[in-house]
There are 2 protein chains.
Amino acid sequence: MYEERGICMVNNIDFYKKTLEQANIRPTFQRIKILEYLNDYRTHPNVDEIYNALCPIMPTLSKTTVYNTLKAFVKSNIVNELNIENTEARYDLHTHPHGHFKCKECGKIFDFDINMNINNDSELKGFKIDNRNVIFEGICSNCLK
Amino acid sequence: MYEERGICMVNNIDFYKKTLEQANIRPTFQRIKILEYLNDYRTHPNVDEIYNALCPIMPTLSKTTVYNTLKAFVKSNIVNELNIENTEARYDLHTHPHGHFKCKECGKIFDFDINMNINNDSELKGFKIDNRNVIFEGICSNCLK
DNA sequence: GTTCCTGCAAAAGCTTTGCAGAAGA
DNA sequence: TCTTCTGCAAAGCTTTTGCAGGAAC
């Protein structure tokens with residue numbers, strides 16, 4: 001049991017390392033742990049959440065490092081920066097494109113699939129589109145009750 | 001000529017007044033001017049731009065009032081708050097839904113039409129959707145050259 | 001008279017910058 | 001050795017809050 005978990009963890013860490021190396025980012029302990037957190041917790045965490053979650057296992061971690069790391073990840077398209085509120089940025093592992101719904105009542109963020117078909121003759125003809133952020137706001141079905 | 005412009009302005013101010021009254025917002029001079037600015041300049045201004053543009057004609061205007069006013073406008077769905085960067089909010093008169101493209105090179109923001117058809121059986125079934133913000137990022141055709 | 005609005009100053013909160021020491025190539 | 005990375009402290013910016021005077025109803 002212990003061994004299995006051990007093996008599993010090693011494999012994951014190797015995968016994170018490879019991901020970072022492919023992006024030309026030196027796979028330091030801090031960066032691997034932040035990437036691991038983003039992979040394990042797909043809850044669109046902000047800097048504070050990541051920092052507080054990792055502090056127990058790396059007490060000398062600084063927020064500056066979290067900021068630096070996330071900025072590097074965004075630049076390399078490993079993660080997506082979500083500007084849902086204007087107060088703070090949230091981060092999302094870059095996977096398949098999807099929309100985000102923010103409930104004004106409970107504050108929860110819901111993922112949803114969306115078809116974003118842009119007409120080739122649209123205003124964006126000839127543009128290079130790197131990121132597609134779709135953010136809806138309203139009230140979720142739970143809070144509507 | 002002068003008269004025409006005069007009449008025109010009066011009509012507009014009346015229109016702004018009516019808009020605000022319908023939204024249950026007292027049509028003060030400051031609020032009318034801010035609404036007028038948003039109507040005349042559809043360039044997704046931030047607080048600073050609005051404040052600096054209006055200062056010459058109302059020297060005692062404070063940024064707090066701009067913030068208060070925009071917050072009231074957003075709450076009443078008169079304007080839309082755009083969180084394109086996480087550094088500052090931008091504001092957009094609420095018209096027909098459209099997407100925003102931000103060029104990472106020149107920083108310009110382009111409007112574009114988009115069809116946002118959400119499946120009724122999607123994850124958002126039963127949700128009340130108030131705002132739809134679509135923000136694309138990349139490089140515009142001009143900067144690609 | 002009571003409520004709402006404005007604007008100044010201060011505070012709060014997120015993010016960036018400068019820099020020195022540490023780690024890695 | 002030289003470059004890159006980390007983390008502390010300070011600074012920078014946008015936004016919010018507290019509050020007193022003024023305006024509107």
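Both backbone and side-chain heavy atoms feed into the values below; hydrogens, waters and symmetry mates do not. Residue numbering restarts at 1 for every chain, and letters A, B, ... go by the order of the sequence lines.
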Please give, in whole Å, the distance from [N] [atom2] to [X] [atom1]?
| X | N | atom1 | atom2 | value |
| --- | --- | --- | --- | --- |
| B:Asn68 | D:dT16 | CG | C1' | 9 Å |
| A:Glu85 | C:dG13 | CD | C1' | 13 Å |
| B:Asn52 | D:dT14 | CG | P | 11 Å |
| A:Ile25 | D:dT6 | CD1 | P | 11 Å |
| A:Arg31 | D:dT4 | CZ | C1' | 8 Å |
| A:Asn24 | C:dG24 | CG | P | 18 Å |
| B:Glu49 | D:dT14 | CD | P | 11 Å |
| B:Lys75 | C:dC4 | NZ | P | 12 Å |

For the residue pair A:His98 and A:Asp92, confirm or rule out a side-chain donor-acceptor distance under 3.5 Å.
->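 A donor-acceptor contact under 3.5 Å links the two side chains.
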Please determine, by modelled atom types, if B:Asn133 and B:Asn83 share a side-chain donor-acceptor pair under 3.5 angstrom.
->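 No - no donor-acceptor pair under 3.5 Å links their side chains.
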Are [X] and [N] close enough that a side-chain N or O sits under 4.0 Å from OP1 or OP2?
| X | N | value |
| --- | --- | --- |
| A:Lys63 | D:dA9 | no |
| B:Thr60 | C:dG7 | yes |
| A:Gln30 | C:dA23 | no |

Please tell me which of the listed nucleotides, [options], lies nearest to the side chain of [X]?
| X | options | answer |
| --- | --- | --- |
| A:Thr65 | D:dG7, C:dT15, D:dT16 | D:dG7 |
| A:Leu61 | C:dT15, C:dC8, D:dG7 | D:dG7 |
| A:Tyr67 | D:dT15, D:dC25, C:dC14 | C:dC14 |
| A:Arg26 | C:dG24, D:dT15, C:dG7 | C:dG24 |
| A:Asn86 | C:dT6, D:dT15, D:dC25 | D:dT15 |
| A:Thr28 | D:dC5, D:dT16, C:dC5 | D:dC5 |

Identify, between A:Ser62 and B:Ala89, the residue whose nearest nucleotide on DNA chain D lies closer to the 5' end.
->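 The residue whose closest nucleotide sits nearer the 5' end is A:Ser62.
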Should we say atom OH of B:Tyr41 is surrounded by more than 12 heavy atoms from elsewhere, each under 6.0 Å from it?
->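 Not more than 12 within 6.0 Å, no.
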Relative to each other, are the rings of B:Phe136 and B:Phe112 parallel, tilted or perpendicular (30° and 60° limits)?
->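 Aromatic pair B:Phe136/B:Phe112 classed tilted.
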Closest-nucleotide 5' rank along DNA chain C - winner of B:Phe29 and A:Lys71 =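 Here B:Phe29 is the residue nearer the 5' end.
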For B:Pro59 and A:Glu88, take the nucleotide of DNA chain C holding the closest heavy atom to each; which residue's nucleotide lies nearer the 5' end?
->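 The residue mapped nearer the 5' terminus is B:Pro59.
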Sidechain N-carboxylate O distance under 4.0 Å for A:Arg42, A:Asp111 =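 A salt bridge is absent here (no side-chain N lies under 4.0 Å from a carboxylate O).
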According to a 4.5 Å side-chain heavy-atom criterion applied to Ile, Leu, Val, Met, Phe, Trp and Tyr, with indirect links allowed, do B:Leu82 and B:Ile129 form part of one hydrophobic cluster?
->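 They do not share one cluster, since no chain of ILVMFWY contacts under 4.5 Å joins B:Leu82 to B:Ile129.
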Could you check whether B:Thr64 gets within reach of a base, just the sugar-phosphate, or nothing at all, counting any heavy atom under 4.0 Å?
->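 Base contact.
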